[in-house]
Amino acid sequence: MTAADSAYGPTPLSTPISAGIVAALVGFTSSFAVVLTGLRAVGASPAEAASGLSALCVTQALGMMWLARRYRQPITLAWSTPGAALLAGTGVVAGGWPAAVGAFVTVGVLIVLTGLWPRLGALVSRIPVPLAQAMLAGVLLPLCSAPVAAFADSPALIAPVAVVWLVVLRFSSRWAVPAAFVAAAAVIAADLIGSDTSIAPSDLVPGIDWTVPQWTWQATIGIAVPLYIVTMASQNIPGATVMASFGFRIPWRASMTVTGTGTVLGAFAGGHTINLAAISAALSANPGAHPDPKRRWIAAFSAGCSYLVLALLATALATLVAAAPAGVVETVAGLALLGTLAASLFGALEHPSDREATVLTFLVAASGLTFAGIGSAFWALVVGLVVRSVLRRQSPVPTTPEDTG
């Protein structure tokens with residue numbers, strides 16, 4: 001019996017390992033459809049989107065395995081689900097897919113600089129959180145409303161997915177979206193059989209599609225800047241906070257260097273961004289993973305190993321998604337983002353003094369407008385910051401007895 005066992009009681013090694021496997025399965029199945037949707041929206045072909053999903057799995061797996069073992073902490077990494085949602089709302093920019101890849105590389109460089117240059121991190125922290133949350137909520141709104149439109153068009157295809165999601169949500173919110181994807185997979189399979197459509201075995205073989213990045217100012221401003229802000233505000237900073245709530249102090253510089261470098265390397269294969277996990281971080285860091293905090297790093301390491309296995313399934317899943325009837329995958333993605341939308345709306349409207357600015361930020365982001373080749377996410381932040389600045393600089397108008405009487 002080890003010293004840890006004597007202090008906390010004998011705990012089998014399988015406990016943190018199983019916790020890590022669950023964390024990887026939940027993280028992957030609950031949001032991979034959002035990733036594929038986002039990558040396809042900015043110009044990726046089905047093969048390039050599948051390559052991007054594989055690259056994200058591999059880079060975050062290697063990153064969390066190294067960080068967990070090096071610092072003996074359950075540091076869990078993830079892809080940026082809010083970032084993927086932002087891509088889905090941005091659409092193709094000038095330069096197409098290579099320009100989007102160039103923007104991903106830029107985001108990775110900015111994340112590295114955030115860890116190495118404290119002033120950049122301080123600058124990001126000065127962006128009002130309500131505005132960042134409002135921007136994200138506006139980007140998410142069209143995606144989260146997609147199941148409603150899909151149900152109106154194809155109720156027979158969408159209803160089974162929504163019903164399974166609701167029933168499982170009643171008992172376990174963690175497994176609701178994975179269960180919805182299983183239902184969607186059954187619907188897709190039935191549709192393929194009914195239409196006598198076959199999938200070539202070669203389309204299921206894992207592969208990597210390399211893309212030479214290009215840089216355009218439209219992609220830099222319209223994709224890289226909002227993606228960086230969303231990743232920092234909705235993933236990295238909350239991820240460090242979640243870990244702190246379990247008594248772990250994240251090695252900030254090392255984490256930003258690893259995730260930023262992983263983002264740069266993965267971008268050439270189509271991955272958009274990796275970062276500290278926020279919600280799923282609790283699965284490896286909580287006492288359920290292991291009573292001894294010093295042994296919970298095994299859960300994060302196990303999650304990394306699991307993601308290496310899941311990377312092999314990315315191409316097959318992307319092929320299945322590409323063959324889906326209209327609205328089915330969008331329904332899964334929309335259901336997966338409902339929790340994020342709710343949290344973003346709460347964060348945006350929590351402070352009454354900023355509500356006019358946040359509401360306008362939300363409306364501009366949700367509008368989907370494109371101006372000067374730049375998407376709505378960037379313009380939403382600009383409008384929000386300007387309105388907030390104007391309203392906060394207004395001096396209160398003095399009242400007189402005549403005014404009040």
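FYI, side chains are in, hydrogens and waters are out, and symmetry mates aren't considered; it's all heavy atoms of this structure.
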Tell me whether E330 contacts the main-chain N or O of G327 through its side chain, where contact means a donor paired with an acceptor under 3.5 Å. yes
Minimal non-hydrogen separation, S367 against S376, with atom names: OG-CB, 4.3 Å
Does the side chain of V177 come within less than 4.5 Å of V26's, by heavy atoms? no
Donor-acceptor pair, S173 side chain versus L169 backbone, under 3.5 Å? no
Report the C-alpha distance between F301 and T76 in whole Å, list the side-chain angles of each, state the deciding distance to 0.1 Å, and finish with yes or no for side-chain contact (heavy atoms from CB on, under 4.5 Å). CA-CA 8 Å; F301 191 89; T76 309; over 6 Å; no
Between M64 and Y307, is any pair of side-chain heavy atoms under 4.5 Å apart? yes
Nearest heavy atoms of P226 and F378, plus distance in Å: CG-N, 4.0 Å
Roughly how far apart are I250 CD1 and I237 CD1, rounded to 0.5 Å? 13.0 Å
Sequence neighbours left out, what pairs pass salt bridge (charged side-chain N to carboxylate O under 4.0 Å, His left out) with at least one residue falling in residues 344-362? D354-R388, D354-R392
Just verifying a value: how many Å separate K294 NZ and D292 CG, rounded to the nearest 0.5 Å? 7.0 Å
Take I75 and F248 through the test side-chain contact (heavy atoms from CB on, under 4.5 Å) and record every step on the way to the result. CA-CA 9 Å; I75 303 172; F248 297 100; over 6 Å; no
Is the shortest side-chain heavy-atom distance between P98 and V212 below 4.5 Å? no
side-chain contact (heavy atoms from CB on, under 4.5 Å) assessment of L310 paired with L313: CA-CA 5 Å; L310 291 170; L313 303 176; 4.1 Å; yes
For P287, all residues meeting side-chain contact (heavy atoms from CB on, under 4.5 Å), sequence neighbours excluded: F246, R296
Is any side-chain heavy atom of V182 less than 4.5 Å from a side-chain heavy atom of V164? no
Would you kindly say whether S51 and E48 are connected by a side-chain donor-acceptor distance under 3.5 Å? no
Which pairs pass ring pair (Phe, Tyr, Trp, His ring centres under 6.0 Å) with one or both residues in residues 15-42, sequence neighbours excluded? F28-F32, F28-W79, F32-F181
Any donor-acceptor pair under 3.5 Å linking the side chain of Q73 with the backbone of R249? yes
Side chain to side chain, I21 and C305, heavy atoms closer than 4.5 Å: no
All side-chain contact (heavy atoms from CB on, under 4.5 Å) counterparts of P238, not counting sequence neighbours: A278
Would you sort out whether N275 and I111 count as a side-chain contact (heavy atoms from CB on, under 4.5 Å), showing the intermediate values? CA-CA 9 Å; N275 42 245; I111 293 174; 5.7 Å; no
For the residue pair A318 and P46, what are the closest heavy atoms and their distance? CB-O, 4.5 Å
Taking every non-hydrogen atom, the tightest pair across V139 and L86: CG1-CA, 3.3 Å
Partners of V359 by side-chain contact (heavy atoms from CB on, under 4.5 Å), sequence neighbours excluded? L349, L363
Sidechain-backbone polar pair: T263 side chain, G108 backbone, donor-acceptor under 3.5 Å: no
Heavy atoms, side chains only, cut-off 4.5 Å: are P178 and L25 in contact? no
Residues Y228 and T114: side-chain donor-acceptor under 3.5 angstrom: yes
Short side-chain donor-acceptor distance under 3.5 Å, T106 and W215: yes
Straight-line distance of N286 CG to S245 OG, nearest 0.5 Å: 9.5 Å
To check you understand the geometry: which heavy-atom pair defines the closest contact between T273 and L56, and what is its length? O-CD2, 3.7 Å
What I'd like to find out is whether the side chain of V101 reaches to under 4.5 Å of the side chain of W97, using heavy atoms alone. yes
Between T231 and S80, what is the shortest heavy-atom contact and its length? OG1-OG, 3.5 Å
Okay, side chain of S31, backbone of T81: is any donor-acceptor separation there less than 3.5 Å? no
Short side-chain to backbone donor-acceptor contact, S389 and V386, under 3.5 Å: no
Any chance you could measure I223, atom CD1, to T90, atom OG1, to the nearest 0.5 Å? 6.0 Å
Got M135 and S344 here, is their nearest side-chain heavy-atom distance under 4.5 Å? no
Side chain of D191, backbone of A324: donor and acceptor closer than 3.5 Å? no
Side chain of S302, backbone of I298: donor and acceptor closer than 3.5 Å? no
Can you list the residues that meet the salt bridge (charged side-chain N to carboxylate O under 4.0 Å, His left out) rule with D209, with sequence neighbours excluded? none
When rounded to the nearest 0.5 angstrom, what distance separates CE in M65 from CG in L62? 6.5 Å
Got a donor-acceptor contact below 3.5 angstrom from the T261 side chain to the V258 backbone? no
Rounding to 0.5 Å, atoms OG (S234) and CG (L136) come to a distance of 4.5 Å
Using modelled atom types only, decide if a donor and an acceptor are shared between the side chain of T220 and the backbone of W217 within a distance under 3.5 Å. no
